[in-house]
There are 2 protein chains.
Amino acid sequence: MRWNKLEDEACSVARTVSVIGDRWTLLILRDCFLRVRRFEEFQARLGVTRPILASRLRKLVKDFVLAKVPYQERPLRYEYRLTQKGLDLYPIVMAIVHWGDIHMAGKKGRPLLHQHTNCGKTFDPVMICSECGEPLSPKQVHVHRGPGAASPRHMPADVPAGDRKQRRPVRSSRAHP
Amino acid sequence: MRWNKLEDEACSVARTVSVIGDRWTLLILRDCFLRVRRFEEFQARLGVTRPILASRLRKLVKDFVLAKVPYQERPLRYEYRLTQKGLDLYPIVMAIVHWGDIHMAGKKGRPLLHQHTNCGKTFDPVMICSECGEPLSPKQVHVHRGPGAASPRHMPADVPAGDRKQRRPVRSSRAHP
DNA sequence: AACCCAGGTTCAATAAGAAAACCAACTGAC
DNA sequence: GTCAGTTGGTTTTCTTATTGAACCTGGGTT
């Protein structure tokens, strides 16, 4: 399969992977969330070769994840900033960080700690259901076809519904449309 | 930079990316969460070449994300099942799906809908702070060095702490140790 | 015996990535 | 004015990874 065909697949994972499913791209995005913005800074921190970095940044700009904005004139210089679409990748990056913290940390513990400035505490990211607020587990989720489904190829086996509780919904910044 | 050096980096993103930071690997994991378990089924659904699929499955087994368990004898055949370490990737996969749903869905809408069997509703995954329960936004998170930090190279600029509220912590299945 | 199945491996051709050098537009120091 | 320095790249060559097709193994079926 060619990678440009991937974004046409009727699967949100495939479409997302066509944008960020590359090792260097994910590391570039990590640095974006750490406020890195310039070519030379990415290059120095990541150790990536310059041609690869240039091609990845170009692609992220093309996909509207980053925007190239001038930070000075004469000589005209640009920096790369996360767009809203890019900022929305934060849960993915945090989920990746958390998994690494739990499963890949060395004996010394985590490399970084995250402090939530709202509550002031060191925290872990937790993924919950927007409707009932409970933490999500794969076995409690039943997947079925949406309006954008193409073929029944990607459908899973059916899973019986369990007990049901009630809670107030959590207003996500970006809920299902 | 060589990819085997990546897992030695003092960064949880780099370490996680050394395991799952590959396009095919992420698609394989998507299918794992859709209860796909066998070589031929992965191959048919993904359209990946057989040598790549074999190499990715081998690596996921080596990294204890998947386990190869026999489902019959004579002829002896194995299937690939998510371990607990693999199941813990669920928030990453859900975050990827959700971003694709929001930013990459076609005109027809989402390919798949997720129903939470606990509450019975179609939901979106929301990432919250384990301590105060508020949805996370990148600008409200201050990163600082943890015990496993190596060099100060990967540190971000400081961000002032905002207002502080109080809430009860959410017990994540896997909190910070 | 002849053929099918699941789960791979082997091999040649092609695409992508790495390393090092080079380029261009401008600055500021001398 | 020229000479080195800075930033943000491109070019070139070499090495590695991926693709596509075919083949293999250890069984079972008719």
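Below, chain A is the first sequence line, B the second, and so on; all start at residue 1. In this text the structure is predicted, and so the values were computed from the model without any measurement.
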- [ ] Ignoring backbone atoms, establish whether A:R56 has a side-chain N or O less than 4.0 Å from OP1 or OP2 of C:dG17.
- [x] yes

TODO: Check whether any side-chain N or O of B:R15 sits under 3.5 Å from a backbone N or O of B:E9 as a donor-acceptor pair, and report yes or no.
DONE: yes

Task: B:Y80 side chain near C:dA6 phosphate (N/O to OP1/OP2, under 4.0 Å) - done: no

TODO: Take the protein atom CZ of A:R50 and the nucleotide atom C1' of D:dG8, then report the distance between them rounded to whole Å.
DONE: 7 Å

TODO: When you get a sec, tell me which of C:dA18, D:dT19, D:dT7 is the closest nucleotide to the side chain of A:E40?
DONE: D:dT7

- [ ] Rounded off to whole Å, could you give me the CZ-to-P distance for the B:F42 and C:dG7 pair?
- [x] 10 Å

TODO: Answer yes or no: does a side-chain N or O of B:R23 lie under 4.0 Å from OP1 or OP2 of D:dA17?
DONE: no

TODO: Kindly work out whether a path of hydrophobic side-chain contacts (I/L/V/M/F/W/Y, heavy atoms less than 4.5 Å apart) joins B:L34 to B:L60.
DONE: yes

Open item on the list: Once hydrogens and angles are ignored, does a donor-acceptor distance under 3.5 Å link the base of D:dG8 to the side chain of A:R77?
Closed with: no

Task: NZ or CZ of A:R56 within 45° of A:F42 ring axis and under 6.0 Å - done: no

TODO: Whole angstrom is fine here: how far is it from CD1 in A:I52 over to C1' in D:dT10?
DONE: 13 Å

TODO: Give the rounded distance in Å between these two atoms: CD1 of B:I28 and P of D:dT18.
DONE: 11 Å

- [ ] May I have the distance from A:L46 (atom CG) to C:dG17 (atom P), rounded to whole angstrom?
- [x] 15 Å

- [ ] Answer yes or no: does a side-chain N or O of A:R58 lie under 4.0 Å from OP1 or OP2 of D:dT10?
- [x] yes

- [ ] Rounded to the nearest angstrom, tell me the gap between atom CZ in A:F39 and atom C1' in D:dT6.
- [x] 13 Å

Open item on the list: Over all strands shown, is B:Y71 touching base, sugar-phosphate only, or nothing at heavy-atom distances under 4.0 angstrom?
Closed with: sugar-phosphate

- [ ] Tell me whether A:L113 is reachable from B:V143 by hopping between hydrophobic residues (I, L, V, M, F, W, Y) whose side-chain heavy atoms are closer than 4.5 Å.
- [x] no

Open item on the list: Is A:W24 close enough to C:dA16 that one of its side-chain N or O atoms is under 4.0 Å from OP1 or OP2 there?
Closed with: no

Task: Main-chain N/O of A:G120 paired to A:Q115 side chain as donor or acceptor, under 3.5 Å - done: yes

- [ ] May I ask you to evaluate whether A:K59 reaches the phosphate of C:dA16, defined as a side-chain N or O under 4.0 Å from OP1 or OP2?
- [x] no

TODO: Decide yes or no, distance alone: a donor-acceptor N/O pair under 3.5 angstrom between the base of C:dG7 and the side-chain of B:R38.
DONE: no

TODO: Could you check how far CD of B:Q72 sits from C1' of C:dA6, rounded to whole Å?
DONE: 8 Å

Open item on the list: Using whole Å, what does the distance between atom P of nucleotide D:dG8 and atom CD of A:E73 come to?
Closed with: 15 Å

Open item on the list: What's the closest nucleotide to the side chain of A:P51 if the choices are C:dA21, D:dT11, C:dG17?
Closed with: D:dT11

- [ ] May I ask you to verify whether the side chain of B:R74 and the base of D:dG27 hold a donor-acceptor pair under 3.5 Å?
- [x] no

